[in-house]
Amino acid sequence: MGSTSAHKNEGLGRRDVIKRSAALGLISVPTMGFLSACASSDSSGDKKVEKGKATKANPLGVNETAPLEVVIFDGGFGQQYAIDAEKKYNAAFPKAPKVKHVATQKIQSQLQPRFNGGTPPDLIDNSGAEQMDMGVLVGKKQLLDLTPLMDAPSIDDPSKKVRDTLRPGVLEMGQFDGDPVWIMYYAYTVYGVWYSQTALEKLDAQYPETWDDMLALCAKAKKQGIAGWTYAGKYPYYLPFSLYPFIAKIGGREVLDKIDNLEPNAWKDPAVKAAFEAYYELYKKGYILKGTPGLTHIQSQTEWTKGKALFIPNGSWVENEAAPTTPKDFKMMVAPPSGLDSSDKLPFGTIWASGGEPFIVPANAKNPEGGMEQLRIMLSEESSKNFTKQVKSLSAFNGGTDGLTLSTAMQSGVDVLKKAGDNVVNPRLQDWYVKLEKEQIGVAGIGEMMAGRATPAEAIKKIQAFADAAAKDQSIKHYKHQ
């Protein structure tokens, strides 16, 4: 949980369309007490190491004898890809101690005291159930601006800057206000409705492009003892992975922008109402796998790979994360949300795709140049290809697939991105307002509705109240689409 995945971004050219971060959709919410404490510390702690001399081989001016500490979230992507890249750092700087590598699922618990004391690691994979709130960290100036990394020559072609080797939109996903780049999202995630092509073939069915067809297929499956849908019931903020692009398809991307901007009555838009009522119909007609509200992300994925449900809203990290229980003949695929009807503003194929697996260099890191250099190494073709081979996901590096055989899941991600073209949406609530998105919209709003404990109208009213409160809360920094 917390890891994200990536797919080749073909046909995507709009900067304003792919300005989001986040595969953070699978994370639960750290306490705001930690976030405030962590982000408000201004202790300088131990001194930064002296910067080295910038050369062709060392463009960021890394101190060649300084230690480097890297903390990796040990989730769906594991840690070996990072260890392999760290070996390349050691080879580049043989006079430095071996990179100190820490892998954990307890990002918040382990790093809270160190942020408070002003002695954070040099590079952090800030992901998982204890991921730190990006909006708070950026707002409190706790992160290093990665612009020097973006402007450094790339490993493979020194005539190109690192920024020029990234998939379209990845750099913008790490921006909040203006030009500074606070986060390097290493993976590229396709969110949507995931399914088994084998399961559909057994039902003599194709993926439904309209909601009426979706309901008809769910009815057909139910007669065979198969549920239409399941989802991470304990973490219902997975549902927006397909619900948000569904809303955009119905009413246009501007509906999601208004929601992100915390505009008054944004959640009362007719497109939101229509989408909520459609999803609620899955519950009302008994098309949700029994017991789903009590399932974790892993449990729901396991039920899905066992063939107990046809569809699950998820991100492309699911292929690697669910690998232990996925049958060889499963033929895992991803699809955009079905359309509602002919009045939809955007075409079938509209999907959510964005950067994921967020790496940060703390402002108080002892060796910030080393942290950025480690990222520069990771953004080489060799490291990117190694990442893809190991975790069945593409990185932010725009390439690195030559000679690789793509799985059905990865290939379907490439295919849906091609079909989407410019119709890619990137909601930013997940990185702008973590508590609002996860605890309030996800758990208290959508989760209650899908469990049958609230009607769509009740859920919308509650969510709008949460959004209004967040808009008025002067203790948090507010962001808007530019």
Side-chain angles (χ1 to χ4, degrees), residues 2-3 45-55 57-107 109-111 113-115 117-128 131-132 143-144 146 148-150 152-156 162 183-187 357-391 395-397 400:
S3 292
D46 294 348
K47 289 184 178 179
K48 284 182 168 59
V49 301
E50 185 177 345
K51 186 174 179 178
K53 182 181 179 182
T55 64
N58 182 13
L60 291 169
V62 176
N63 183 318
E64 297 186 4
T65 64
L68 178 72
E69 183 181 3
V70 179
V71 176
I72 295 293
F73 171 69
D74 192 8
F77 288 157
Q79 55 177 306
Q80 189 59 46
Y81 74 93
I83 293 173
D84 292 343
E86 288 159 14
K87 290 176 182 176
K88 295 188 177 300
Y89 183 95
N90 287 130
F93 303 102
K95 295 179 183 178
K98 182 181 178 182
V99 173
K100 182 178 180 181
H101 174 92
V102 178
T104 180
Q105 293 190 357
K106 303 289 186 181
I107 297 292
S109 302
Q110 291 195 13
L111 298 186
R114 299 185 60 185
F115 265 88
T119 60
D122 302 306
L123 180 63
I124 301 168
D125 174 13
N126 183 29
S127 192
Q131 178 260 347
M132 294 175 286
L143 302 184
L144 186 74
L146 301 179
L149 166 66
M150 296 301 150
S154 68
I155 294 283
D156 301 298
V162 169
I183 307 159
M184 178 62 241
Y185 287 88
Y186 189 61
E357 210 60 16
F359 280 76
I360 55 176
V361 176
N364 284 333
K366 291 183 188 177
N367 186 6
E369 290 80 21
M372 287 192 289
E373 178 64 18
Q374 183 60 56
L375 282 175
R376 194 172 79 99
I377 291 169
M378 290 170 62
L379 289 167
S380 67
E381 182 172 5
E382 185 177 358
S383 290
S384 175
K385 185 173 288 189
N386 184 52
F387 176 78
T388 298
K389 285 195 297 186
Q390 286 190 21
V391 306
S395 79
F397 175 77

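Bear in mind that the values here come from a model prediction, so they are computed numbers and not experimental data.
- No side-chain donor from either of Glu382 and Asn386 sits under 3.5 Å from a side-chain acceptor of the other.
- Within the model, atoms CD1 of Ile124 and CG of Leu111 stand 5.0 Å from one another, a figure rounded to the nearest 0.5 Å.
- The closest side-chain heavy-atom distance from Leu144 to Pro362 is not below 4.5 Å.
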Margin query: Is there a side-chain contact (heavy atoms from CB on, under 4.5 Å) between Glu69 and Val99? Walk through the geometry before answering.
Written below: CA-CA 6 Å; Glu69 183 181 3; Val99 173; over 6 Å; no

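- The shortest non-hydrogen separation linking Ser383 to Ala85 is OG-CB, 4.2 Å.
- Atoms CG and CD, from Asn367 and Glu373 in turn, are 10.0 Å apart once rounded to the nearest 0.5 Å.
- Two residues are said to be in side-chain contact when any heavy atoms from C-beta on lie closer than 4.5 Å; Met150 and Met184 meet this criterion.
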Checklist line | Derivation of the side-chain contact (heavy atoms from CB on, under 4.5 Å) call for Val70 and Val102 | finding: CA-CA 6 Å; Val70 179; Val102 178; over 6 Å; no

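- A heavy-atom distance below 4.5 Å is found between the side chains of Leu146 and Met372.
- The two residues Ala363 and Lys48 come nearest to each other via the heavy atoms O-NZ, 2.8 Å.
- Between Phe359 and Met378 there is a side-chain heavy-atom pair separated by less than 4.5 Å.
- Ring planes of Tyr81 and Tyr186: parallel class, angle under 30° (limits at 30 and 60°).
- What you find for Ala365 and Pro120 is that their closest heavy atoms are N-CG, 4.1 Å.
- Taking 4.5 Å as the limit, every side-chain heavy atom of Ser154 sits out of range of all side-chain heavy atoms of Ser380.
- Atom-to-atom distance recorded for His101:NE2 and Ile83:CD1 is 4.0 Å, nearest 0.5 angstrom.
- Comment: Arg376 does not engage Glu369 in a salt bridge, judged by the lack of any side-chain N to carboxylate O separation of less than 4.0 angstrom.
- At least one side-chain heavy atom of Gln390 sits under 4.5 Å from a side-chain heavy atom of Asp84.
- Ile107 has its side chain within reach of Met132: a pair of non-hydrogen atoms, C-beta onward, lies under 4.5 Å apart.
- A pairwise comparison of heavy atoms in Gly78 and Ile72 identifies O-CG2, 4.0 Å as the closest pair.
- In this structure, Asp156 CG and Glu381 CD are separated by 5.5 Å, a value rounded to the nearest 0.5 Å.
- Within the 4.5 Å cutoff, the side chain of Asn63 has no heavy atoms near those of the Lys51 side chain.
- Shown here for Val361 and Gly371, the closest heavy-atom pair between the two residues is CG2-C, 4.1 Å.
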